[in-house]
There are 2 protein chains.
Amino acid sequence: MAEITPQRPRTRIQRRNIGTILEAALEVFSAQGFRGATLDQIAQAAGLSKPNLLYYFPSKEAIHVELLSGLLDDWLAPLRAMDPAGEPKAEIMAYMHRKLEMSREMPRESRLFANEILQGAPRMSALLGSELKELVDEKAAVIRAWSEAGRIAPVDPHHLIFSIWALTQHYADFDVQVRAVLGPGRDPLDEAGQFLDTLFERLLAP
Amino acid sequence: MAEITPQRPRTRIQRRNIGTILEAALEVFSAQGFRGATLDQIAQAAGLSKPNLLYYFPSKEAIHVELLSGLLDDWLAPLRAMDPAGEPKAEIMAYMHRKLEMSREMPRESRLFANEILQGAPRMSALLGSELKELVDEKAAVIRAWSEAGRIAPVDPHHLIFSIWALTQHYADFDVQVRAVLGPGRDPLDEAGQFLDTLFERLLAP
DNA sequence: TCTTTTTCTGACCGTATGGTCAGGTTGAGG
DNA sequence: CCTCAACCTGACCATACGGTCAGAAAAAGA
């Protein structure tokens, strides 16, 4: 009975199976939520047996936590990339577009986070108050400086960031609603790109 | 064994208990999601026994459906109230503020809907494509007319409505995240009111 | 090839959960 | 006060689910 620990380097098989499991878990957790997902569903989606899942991860919860913590960096990367030395409006617009692109390319990750936050972030609240808050505060200071220098219109930096999150993630998290309202034959994400361009253009114009 | 049907008028006790159950179910479903909520939790929150719940509702699912369909009208009321004969910007601003007020006063309802939509709206997709779409299309036409008459800046009406939903509901659905980032001693909803005023002011100014 | 370690599985277990039922209790109308 | 329908409950059931375990199968190493 060998524990799979980060101590000794992972074998080829371990890398492959752990990857497969996390991919399957993302699929199932994002669609069903933590409580709604079952190990059998994940096992089936991964093409592995249930005991085999639990050979690689000690519990259902451990899979979920691994997914969340592994994703947080990807999730915050676009904000990290916002350059204090860049042109203010261009930097903010680029951030918004990168987030919108993630709603198109990574809707499952978006929904996974949304599910977690909706339930009160029981497995993430620590990270929210530390890592996330620090990054946001840092970037908010940058935006505030831009704002005070008159390079963008005056605006609350924290709520500006919230608005980017809300407006971009909405197209991933509420996809069914958006599509139901728009009807077939329209590309919500394309239109959103145009609309949000206009919105932030007008909001930020000095 | 009497069925509780809408046929014969409800007794006093029925009205009271059905109300209590729906209130408790809203509390539990909105915090845990459908799958995460248990009948025992709802029964305890309602101060009733589990079999007694099932005396008034045939199943857990029935309680959930009743909640959702009963809530849809309240949810759409602010949009319905948008008056084509009113002053365009004021009407839109008023709608936004009413929605924001609902995020403050009815966060559980907001999260209940968010949960449902996130899971792909398995119990609501019919309503989304009919009742919701029709109302939104109707109001979108009004907004488009305002826009074409030059009374507000040109803007895609459907995405304008989406943006109001996204920006206001974000403060209810992602409450923990918003509070974690802002830190203690700030009132997110108050600040949001200011910020969104500015945002839509600049977006809509002709 | 032989040995050791890693990988994998069928069978099984305890608990939680949605739901049922026979029968008791309470309230309303006469 | 009596009767009948409405209301309520403890005990119970079947299933789903997370997790365990003894040992087989497959890789890796010598």
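Because only heavy atoms are used, hydrogens play no part in the values below, and waters and symmetry mates are left out as well, while side chains stay in.
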When you check the phosphate oxygens OP1 and OP2 of [N], does a side-chain N or O of [X] lie under 4.0 Å from one of them?
X	N	value
A:Gln14	C:dT6	no
A:Tyr55	C:dC8	no
A:Ser49	C:dT9	yes

Tell me the interatomic distance from [X], atom [atom1], to [N], atom [atom2], rounded to whole angstroms.
X	N	atom1	atom2	answer
A:Leu48	C:dG10	CG	P	12 Å
A:Lys50	D:dA16	NZ	P	12 Å
B:Asn52	C:dG24	CG	C1'	13 Å
B:Tyr56	C:dT20	OH	P	17 Å
B:Phe57	C:dT20	CZ	C1'	19 Å
A:Asn17	D:dA27	CG	P	12 Å
A:Leu54	C:dG10	CG	P	14 Å
A:Arg16	D:dA27	CZ	C1'	12 Å

For B:Glu87, look at atom CD and say whether over 12 heavy atoms of other residues, nucleotides or ligands are found less than 6.0 Å away.
yes
Tell me whether B:Gln44 at atom CD has more than 12 heavy atoms from other residues, nucleotides or ligands lying less than 6.0 Å away.
no
Cationic N near anionic O, under 4.0 Å, [X] to [Y]:
X	Y	answer
A:Glu131	A:Arg80	yes
B:Glu134	B:Lys139	no
B:Glu201	A:Arg202	no
A:Arg104	A:Asp187	yes

Of residues 31-45 of chain B, the positions that come close to DNA chain C - non-hydrogen atoms, cut-off under 4.0 Å:
B:Ala37, B:Thr38, B:Leu39
Go through A:Trp146 and A:Glu91 one step at a time and tell me if the side-chain contact (heavy atoms from CB on, under 4.5 Å) criterion holds.
CA-CA 11 Å; A:Trp146 287 339; A:Glu91 288 294 325; 3.7 Å; yes
Is it the case that the base of D:dG19 and the side chain of A:Lys60 share a donor-acceptor contact (distance under 3.5 Å, atom types as modelled)?
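No, no donor-acceptor pair under 3.5 Å.
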Dump the pairs, protein N or O against N or O of nucleotides 27-30 of chain C, anything under 3.5 Å, distances to one decimal.
| residue | atom | partner | partner atom | Å |
| --- | --- | --- | --- | --- |
| C:dA28 | OP1 | B:Arg12 | NH2 | 2.2 |

Within residues 62-71 of chain B: residues closer than 4.0 Å to DNA chain D (heavy atoms)
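Going residue by residue through residues 62-71 of chain B, none turns out to have a heavy atom under 4.0 Å of DNA chain D.
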With ring centroids as reference points, do A:Tyr171 and B:His159 lie under 6.0 angstrom apart?
yes
Could you measure the distance from the NE2 atom of B:His170 to the CG atom of B:Leu196? Nearest 0.5 Å is fine.
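With rounding to 0.5 Å, NE2 (B:His170) is 10.5 Å from CG (B:Leu196).
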How long is the span from the CD atom in A:Glu66 to the CG atom in A:Leu26, to the nearest 0.5 Å?
12.5 Å
Side-chain contact check for A:Thr11: nearest option of D:dG19, C:dT7, C:dT20 is C:dT7
Before you tell me yes or no, could you show the steps for A:Gln32 and A:Asn115 under side-chain hydrogen bond (donor to acceptor under 3.5 Å, both in side chains), namely the whole-Å CA-CA distance, both residues' side-chain angles and the distance that decides it to 0.1 Å?
CA-CA 9 Å; A:Gln32 317 270 143; A:Asn115 256 310; over 6 Å; no
When B:Leu100 is tested against each of B:Thr168, B:Ile164, B:Leu167 for side-chain contact (heavy atoms from CB on, under 4.5 Å), which residue passes?
B:Thr168
